Amino acid sequence: MEVADGIYEFSGVSNFYIVLDKEIFVIDTGMPGNADKIIKYLEKELHHEPKDIKTIVITHHHFDHTGSLDKLKKITGAKVAINGEDAEYLTDEKSQAGSAFMVPLIKLLNFIYRIKPVKPDIILGEGDHVGDYQVIHTPGHTPGSICLYNPITKVIFTGDNLQYADGKIKGPGSRLIPEPEQYKKSIEKLGELDIEVILTGHGKPVTSDANKKLAEYIKNL
Ligand SMILES: [Zn+2]
């Protein structure tokens, strides 16, 4: 569960995290039904209370990252933070963003999983901070996809921008990249950072040769 110092990963359909930083925050919430799991772990293993979670950061608006957001926000009273470009999808003001493939699929899954709209409290933009982490705006998979990078520990959370399996970094797949030009620029921006640990939205964490593995992925973009 502890994938890096003070970072606890939950993996299901997607990965989501509790981060013990200056204050406690959660990154993404997974599918519906995960709020209790997060709270139980927080109380039993980390000896904190629900109200100690001050912020829930959403890397992007997709249902497999926001499924337990409504419930977790209600239990903790935490502030919800997301990039402005994805905020309107979270509140349902805008229907959905994406390709002809993604839009009907996300609409259907939002309906099936009864994803409730949530009003964000904090709009995060490039250069903003959550604790020690810098916000990096990385559009492509969704317009408001963000990464969170800690320049001290060199840990980065990438949301769905990157996946890791079988020793290789991959992207979300071309059908899930409605804006490939933006995506490429976003990933190249990540390539300029000094990174030691990559914590992805799907798949395993990258804990060795992160810069090298990312450079290999970028070369083939
Ligand atoms: Zn996604």
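All ligand and atom numbering here is 1-based and tracks the order in the structure. Keep in mind the model is a prediction, meaning the values are calculated, not measured.
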Begin with the C-alpha distance, continue with both residues' side-chain angles, and end with the deciding distance and a verdict on side-chain contact (heavy atoms from CB on, under 4.5 Å) for I198 and T200.
CA-CA 6 Å; I198 303 175; T200 59; 4.0 Å; yes
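When E179, Q182, H62 are each tested for a side-chain hydrogen bond (donor to acceptor under 3.5 Å, both in side chains) with H141, only one passes: H62.
A side-chain donor from one of D160 and H202 sits under 3.5 Å from a side-chain acceptor of the other. Between the side chains of N34 and T29, no donor-acceptor pair of N or O atoms lies under 3.5 Å.
Here the N, O or S atom of D160 that is nearest to the Zn ion (ligand 1) is OD2. Residue-level check: among N/O/S atoms of H62, ND1 sits closest to the Zn ion (ligand 1).
Residue H141 counts as close to the Zn ion (ligand 1), with an N, O or S atom under 2.8 Å.
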